[in-house]
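Reckoned from all heavy atoms, side chains included, excluding hydrogens, waters and symmetry mates. Counting convention: from 1, in listed order, for ligands and their atoms alike.
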Amino acid sequence: MQSYLTTPIYYVNGPPHLGHAFTTVVADILKRQNARLGVATLLSTGCDEHGQKNAQAASAMGLDPQRYLDLRSAEFRALFDRLNVGYDVFARTSSAVHVPQVQHIVGRLHERGLLHRKTYEGHYCAGCEQFKKTSDLDQAGHCREHPNLVAGLIREENYFLAIEPFRQAIRAHIAARPDFIRPLTFRMELLRLLAEPLEDLCISRPAARVPLGVRFPFDPDYVVYVWFDALINYLTNLGWPAPGYRAWWAGAEHIIGKDILKTHGVYWPAMLLALGEPLPKRLLVHSHWVGEGGLKMSKSLGNVVDPNAVIDELGADALRYVFARHMRADADSAISVALIRQCYVAELANKLGNLHARLLSFTHAAFAGRVPPKGALSPVDEAVRSCVLAAAQRFAASLSPEDIPASTRAVLDAVEQLNRYVTSEAPWSLAKSRLTRSRGETVTHVALDGLRLVFEALWPIMPATAQRALAPLPRRAGPSEVWQPQLDLLEDGASLGEASILFPRMGRTL
Ligand code: ME8
């Protein structure tokens with residue numbers, strides 16, 4: 001089975017922010033986990049470069065639109081590179097591959113008689129790039145997502161795709177597949193949306209009003225609506241309609257924030273059905289990061305967390321860890337620079353880093369840097385070993401975003417237990433006397449092997465740190481090429497390498 005993991009393609013009307021970093025890191029965690037299980041995975045991310053708000057951002061900076069798009073999308077790519085994201089495709093909707101693809105699809109739907117033209121009057125929110133119902137606006141005419149913009153009344157002639165003819169088929173598809181949308185709360189939300197008749201989707205914008213877009217192939221006065229254009233990237237990335245796309249498409253999982261549930265759960269399936277294409281395998285939806293106190297992050301509130309600044313200060317893996325450990329799929333989670341620093345000190349430096357540092361330095365001091373042999377195991381040894389193994393086993397199969405926080409948490413609990421074990425068994429004292437030395441060897445062996453398994457488990461979350469942590473530990477290969485959580489893979493008598501500091505004190509350059 002092949003897996004095709006997609007992130008949204010992000011608007012480039014500003015620099016990349018924490019939310020963009022988050023979804024893309026989640027996709028990378030899933031891909032890394034798949035990779036070590038032998039599941040071939042294609043990961044796509046990228047930038048959504050058309051539409052009014054990107055155009056406005058370009059003109060606000062006095063730049064030619066294409067130059068602006070090139071600069072901004074390079075910032076996104078640089079952030080994902082810094083975060084060690086192994087994307088296979090970086091999609092850009094202004095690219096020479098994507099544009100003809102969109103034109104081809106619009107032309108196909110037109111030929112099939114699925115598009116119609118009509119005059120439409122409605123309030124348009126440039127932030128959402130969508131027409132809004134009056135009931136979606138507050139009294140001053142602002143939409144909920146963009147209280148800083150007035151959704152002005154617009155009357156214009158446009159092309160439309162009727163969604164209603166596909167509603168029951170989409171609904172039936174979701175109803176028959178409990179696993180199609182996760183978590184459950186978003187499945188319920190979508191089923192509620194699909195219970196009511198749906199309005200036609202306006203799929204064009206007059207080029208005179210929104211010049212930054214893909215021209216309609218049969219009517220140059222219009223550009224394709226930015227969402228219609230953007231969703232198509234999921235097919236463009238696979239070389240659709242060349243036959244090779246099918247196997248990947250069958251394993252398509254869209255990782256998205258809850259803000260874009262309707263576009264992915266209603267419009268995109270309708271577009272696919274109109275094209276005669278199967279629906280993706282799954283929608284993996286997550287909630288949002290919000291500022292402390294549950295407030296939406298905004299520049300004016302001063303509670304925006306800049307992912308690049310966090311990486312500068314604490315490293316990419318610290319941010320990846322905070323994402324993995326502290327997100328919740330079904331409810332918003334608070335994040336701030338102070339919370340990230342607190343997590344860095346309390347969990348990464350004091351627990352994970354400390355266990356690594358003390359075990360390695362102690363083994364160097366007491367056992368000449370060699371892995372001591374393991375003798376008979378006591379119930380305490382067995383207890384800590386099974387705790388570590390159970391935590392690591394949570395990483396034995398493919399992950400879904402919902403699993404990540406609890407699985408990460410379980411590994412951290414195992415680290416705490418290992419720390420307690422080492423403190424109470426005190427192998428450094430045992431090693432001093434001839435009578436107890438072999439018991440000291442066993443405790444050290446058990447703890448080092450636990451440490452190994454902990455970092456193996458955490459590899460998809462903190463790839464660079466895990467690699468650095470594992471480098472000094474002499475390991476035997478497991479029995480299978482596919483990674484399996486397994487105890488007892490340390491080489492008795494082999495020398496440990498030098499340990500590096502995994503989580504330097506804050507303030508030092510990493
Ligand atoms: O919607 N917490 O782009 P966008 C978590 N171009 N994730 C967040 C977040 C937050 N506070 N803020 C943003 C678009 N995200 C369209 C998508 S796809 C065919 C077109 C993440 O730049 C989350 O994944 O507004 C959300 O769905 C996405 O960024 C929205 O990015």
Worksheet item: How does H17 reach ligand 1, by side chain, by backbone, by both or by neither, if only non-hydrogen atoms under 4.0 Å count?
Response: side chain
Identity and separation of the nearest protein heavy atom to [atom]:
atom: atom 9 (C) of ligand 1; value: G19 CA, 3.5 Å
atom: atom 19 (C) of ligand 1; value: Y234 OH, 3.6 Å
atom: atom 14 (C) of ligand 1; value: Y11 CE1, 3.4 Å
atom: atom 2 (N) of ligand 1; value: W289 N, 2.9 Å
atom: atom 17 (C) of ligand 1; value: I9 O, 3.1 Å

With heavy-atom distances below 4.0 Å as the criterion, list the atoms of ligand 1 near [X].
X: A230; answer: 19 (C)
X: I260; answer: 1 (O), 27 (O)
X: D48; answer: 6 (N), 16 (C), 20 (C)
X: D259; answer: 26 (C), 27 (O), 30 (C)

Does [X], backbone or side chain, put an N or O under 3.5 Å from an N or O of ligand 1?
X: I256; value: no
X: S287; value: no
X: H20; value: yes
X: H264; value: no

Worksheet item: Looking only at heavy atoms, which two atoms of T93 and E49 are closest? And how far apart?
Response: OG1-N, 2.8 Å
Item to complete: Answer with yes or no whether W227 contacts ligand 1, where contact means a heavy atom under 4.0 Å from a ligand atom.
Response: yes
Worksheet item: Is the closest side-chain heavy-atom distance between H286 and M327 below 4.5 Å?
Response: no
Worksheet item: Would you say the side-chain atoms of T41 pair up with the backbone N or O of V39, donor to acceptor, closer than 3.5 Å?
Response: yes
Worksheet item: Does S287 offer a backbone N or O that forms a donor-acceptor pair with the side chain of D332 under 3.5 Å?
Response: no
Practice prompt. Tell me, please, whether F160 has K118 positioned over its six-membered ring: NZ or CZ under 6.0 Å from the ring centre and within 45 degrees of its axis?
Written response: yes
Worksheet entry | R117 to Y222, cation-pi by 6.0 Å centre distance and 45° axis angle | no
Discussion item. One thing to verify: whether R341 and E313 come together as a salt bridge, which I'm taking to mean a side-chain N less than 4.0 angstrom from a carboxylate O.
Written reply: yes
Item to complete: Would you sort out whether E164 and R167 count as a salt bridge (charged side-chain N to carboxylate O under 4.0 Å, His left out), showing the intermediate values?
Response: CA-CA 5 Å; E164 183 59 16; R167 181 166 64 90; 2.9 Å; yes
Worksheet entry | Option with minimal heavy-atom separation from atom 21 (C) of ligand 1, where the choices are T24, T23, L231 | T23
Item to complete: Would you mind finding which of M297, M327, H286 brings a heavy atom closest to atom 7 (N) of ligand 1?
Response: H286
Worksheet item: Does CZ belonging to R112 count more than 12 external heavy atoms closer than 6.0 Å?
Response: yes
Worksheet item: Is the CD atom of E121 crowded by more than 12 outside heavy atoms at less than 6.0 Å?
Response: yes
Discussion item. Under the criterion side-chain hydrogen bond (donor to acceptor under 3.5 Å, both in side chains), I'd like the reasoning laid out for N158 against Y225: C-alpha separation, chi angles, the key distance, then a yes or no.
Written reply: CA-CA 10 Å; N158 273 307; Y225 169 44; over 6 Å; no
